[in-house]
Amino acid sequence: MSHPASSHRPRPWGTVGAGIAAVAACAVCCAGPLLAVLGALGAASALASFWVPALAVVAVAAAVGAYVLHRRRRAAACRTQAGPVDLGLPAVGPARDTEHTR
């Protein structure tokens, strides 16, 4: 028994093929930016493999420099000079009567 042409069911291969083509187009479209992001991450990690040890050296040098400056300033603050020190206070002397001196 043959089926009439109007009752013939279409095979889903056309729809599956269109879906596969859409997935492939999406993969091709998004592959460039994804590869660029992954490449940038790889380059950043390669740079960090050199930068982090250098940053540690800079941090240690800064800590040593801060310690040396602290010691120098502390030693300078502890030194005193011999002799009189001006305190900036008014001198104590006899009271002046300004009315009788004219």
Side-chain angles (χ1 to χ4, degrees):
M1 183 156 104
S2 69
H3 297 289
S6 63
S7 67
H8 178 59
R9 288 179 44 190
R11 295 194 176 171
W13 295 112
T15 306
V16 172
I20 290 173
V23 168
C26 182
V28 168
C29 175
C30 297
L34 287 176
L35 289 176
V37 167
L38 291 176
L41 287 174
S45 65
L47 181 64
S49 68
F50 294 111
W51 177 250
V52 170
L55 187 60
V57 169
V58 169
V60 168
V64 168
Y67 178 72
V68 168
L69 284 176
H70 177 70
R71 297 253 325 181
R72 283 185 186 172
R73 288 182 181 172
R74 184 179 234 187
C78 291
R79 279 191 236 128
T80 59
Q81 296 178 354
V85 177
D86 182 25
L87 299 177
L89 297 174
V92 177
R96 293 185 187 175
D97 189 8
T98 57
E99 293 182 21
H100 296 293
T101 57
R102 289 185 190 172

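For the single chain, residues carry numbers from 1 onward in sequence order.
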Can you give each donor-acceptor pair under 3.5 Å made by side-chain atoms of residues 39-48, sequence neighbours left out, with the distance rounded to 0.1 Å?
residue, atom, partner, partner atom, Å
Ser45, OG, Leu41, O, 3.3
Ser45, OG, Gly42, O, 2.8

Enumerate, atom names and distances included, each donor-acceptor pair closer than 3.5 Å involving a side-chain atom of residues 19-32, sequence neighbours excluded.
none

Which donor-acceptor pairs under 3.5 Å do the side chains of residues 62-70 make with protein atoms, sequence neighbours left out?
none

